[in-house]
Structures are given as C-alpha cells and as structure tokens.
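Values below: all heavy atoms of this structure, side chains included; hydrogens, waters and symmetry mates excluded. Numbered from 1 within each chain, the chains take letters A, B, ... in sequence-line order.
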2 protein chains.
Amino acid sequence: MGVCFLQPEQKLLRSASLKVTPQRTAILELLRESREHPSVDQVHRMILQKYPSVSLATIYKTLDLFKEKGLIQEVAASARQVGYDGNPGFHPHLVCKSCKEILDMPEGKLPQEYIKEASKNYGFQVDSQQLFLYGQCAKCRKN
Amino acid sequence: MGVCFLQPEQKLLRSASLKVTPQRTAILELLRESREHPSVDQVHRMILQKYPSVSLATIYKTLDLFKEKGLIQEVAASARQVGYDGNPGFHPHLVCKSCKEILDMPEGKLPQEYIKEASKNYGFQVDSQQLFLYGQCAKCRKN
DNA sequence: ATGGGTGCAAAACATTTGCAAAAGT
DNA sequence: ACTTTTGCAAATGTTTTGCACCCAT
C-alpha cells in the first residue's frame, strides 16, 4: 500500500506498532473527531454506516487494544455507562445524572498533590488518572 | 420487631427510609467493614455464607438502591472492574493495573477548583466526584 | 510468505424482569 | 392489613472465544 500521504490516525497506529487497517483507521478517526463518548455499541453502529460488514467482536477487540496502547481512554462513568474518548490525555469529565451526557473539561490540569501523596504514603506509582464530577448539567437544571 | 438496640447499619437504613431486612443489614455491614471493593458477585458469595438463600437478584437490587440513596458508592475502576465501597464520601482510589487491587486514599480532600470551574464555565452543578489514580502498587513494583 | 486482523456464530457470562410467597411496618 | 422486599426462573443483554479466511507488512 502507498505510504506517502498518511492521515494522522494512520500515523498514530504506526507509532503504536499496530497494523493499519481500514477498520482501525475508521474507529480511531471517529473517536478523535467525536465530542461524545460513544459506547461500544454506538461505535459499532456508526462504523457500520461506512463499513457495513464490521463485526461487533472487532469493535470490542479494537477498543481494548487502543486502550492498552494509550491511543484512547475508556470512560467508565458508572457500571452501566461506559464510553470511549479519542483523547487519551487527562481531563475531568462532567457526568449529568439526569440526561447522562458526559462533557469534557479540557482546561483541567493534573491533581499533582494526589500523585505525590500516592507515592509517598503508599509507594504507588501513578501513570494515569481520571476525575469524574457528577451532578446536573446546565440544560437539565432549567427543568 | 424490637427497636431498642439498633446496629449502625439499621439506623442508616432507617434514616434512608428503607425497610430494615436481614439481607440489607448484612450487605451494608459487609461493605462498611470491608477494605476491599467487592464486586456484585463477591458480595453475593460473602452474604451466602451467612444467609444461604439470598439470591443474586437481591444483591443487584440492593446495591443499586443503596447507591441511589447514597449509603455506598459504586467504584467503576474500568468497564470490567466494578466494585462497591461502603464509604460513600469522597476519597481517591488507587487502582493497580497489575494486581487489580483498589486502595482507598482516605486523606484526600475535594478538588474544589474543579467544582468551581464546572459551575462557572459550564453551569454544571456538582454533587459528588470520583478520582482514580491508575498505576502500580508497592507490592507489584517489587517484581 | 507469514503473522496478525477480521467476521461469523456459538458459547459464556452478566443483568434484568415478572411474579408469587414472605416479611416489615 | 398493607406495602415492600425477596427468591426463583426465565428472558434479555453483553462480552468473549474459536476458527477459517483475508489482508498488511
């Protein structure tokens, strides 16, 4: 396959030493462009529009793989609300208990004090973190 | 039923306006005394030792109910690692990626700055939060 | 050429539901 | 007495697996 004009998603797959397939490219692209935090099933349905034969099993395997490689992050807002975020970097998530929407809070910085404390008091080496703020979003408060 | 000497768990059930049953008392007691973060199934197995006929469906219903009432918190460290914590108050969780153990970090305070920012920038009203720090625990680092 | 990725269907596993009997207030 | 909770079994939903074929390197 030609290698001259790679999309950013293809570069990312390469640098994670993964084979570049249309399915993987499409899934990664979709997540990186989305502002939502689609579930496994939602990712599947969206991918199906472009590639009508992609199986759900592939979506499961691919999302797991991307997560292991640090290309995306899993956002488990609760046991029954799990989504995927194409931005693997730390940012707090606002989870509305009414409409279930999850908003990114891009401007958050890392809670360094916790990382130090984990190391000092527990000998625990932190390599990533997730912060969830639960409550009610602006829209839902107006009802 | 006599009402004279109530256990703390029974008082808690009362104040959440829930009926006091042996199953509920046992589940709440178990979680409040545990330092682990048992899964639905682990709770079921532990309860079975004392009450051999408690059904899994009851465990599901009860944990959901306790969570709604704020008696416990659900700890979804990832999509496939969900446990329950008898302490409903905020405290960071250290999640070891190797041995999957979840440690409580009791001394953490709330990240107030995020709550203010959520309100100011998004009109979002925060009423609870969860912080997960992922990495490697002291034991696992020694291998 | 070869190792890894994909799709399929089945298997395994997890969660929810409806209902009758039991228990709490 | 009334209402809620429980246990059961079935139904539903979700995730994983094994395998043959295909594709990227």
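Geometrically, A:K139 does not engage B:F124 in a cation-pi contact, judged by NZ or CZ lying under 6.0 Å from the ring centre and within 45° of the ring axis.
Rounding to whole angstrom units, CD1 of residue B:I59 and C1' of C:dT17 are separated by 17 Å. Taking atom CD of residue A:Q42 and atom C1' of nucleotide D:dG13, one finds them 15 Å apart after rounding to whole Å. Atom OH in B:Y60 sits about 11 Å away from atom C1' in D:dG13, given to the nearest Å. In this structure, B:E74 places its CD atom 16 Å from P of C:dA14, rounding to the nearest Å. The interatomic distance linking A:R14 (CZ) with D:dA24 (C1') rounds to 9 Å, in whole Å. With rounding to whole Å, B:I27 atom CD1 is found 7 Å from D:dT6 atom P. B:D41 places its CG atom 11 Å from the P atom of C:dC13, with the value rounded to the nearest Å. Atom CG in B:L13 sits roughly 11 Å away from atom P in D:dT5 (whole-Å rounding).
Side-chain atoms of A:Q10 come within 3.5 Å of backbone N or O of A:Q7 as a donor-acceptor pair. Judged by distance alone, the side chain of A:R14 and the main-chain N or O of A:V20 form no donor-acceptor pair under 3.5 Å.
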**Prompt:** Checking side chain to side chain contact (heavy atoms under 4.5 Å, CB included) for the pair A:L13/A:L71: CA distance, chi angles, key distance, verdict?
**Reply:** CA-CA 8 Å; A:L13 289 170; A:L71 296 174; 4.2 Å; yes
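For the pair B:A79 and B:S17, both in contact range of DNA chain D, the more 5′-proximal nearest nucleotide belongs to B:S17.
Of all heavy-atom pairs spanning A:K69 and A:A16, the tightest one is NZ-O, 3.5 Å.
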**Request:** Between protein and nucleotides 1-12 of chain C, map the contacts as a letter string: B base, S sugar-phosphate only, - none, heavy atoms under 4.0 Å, written 5' to 3'.
**Result:** --BSSBBB----
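Annotation: the span from B:K109 atom NZ to B:H91 atom NE2 amounts to 14.5 Å, rounded to 0.5 Å.
Of the candidate nucleotides D:dT25, D:dT16, C:dT16, C:dT16 has the atom lying nearest to any side-chain atom of B:D64.
In terms of phosphate contacts, A:R80 brings no side-chain nitrogen or oxygen within less than 4.0 Å of OP1 or OP2 of D:dT14.
In A:E36, the CD atom is not crowded: 12 or fewer heavy atoms of neighbouring residues, nucleotides or ligands sit closer than 6.0 Å.
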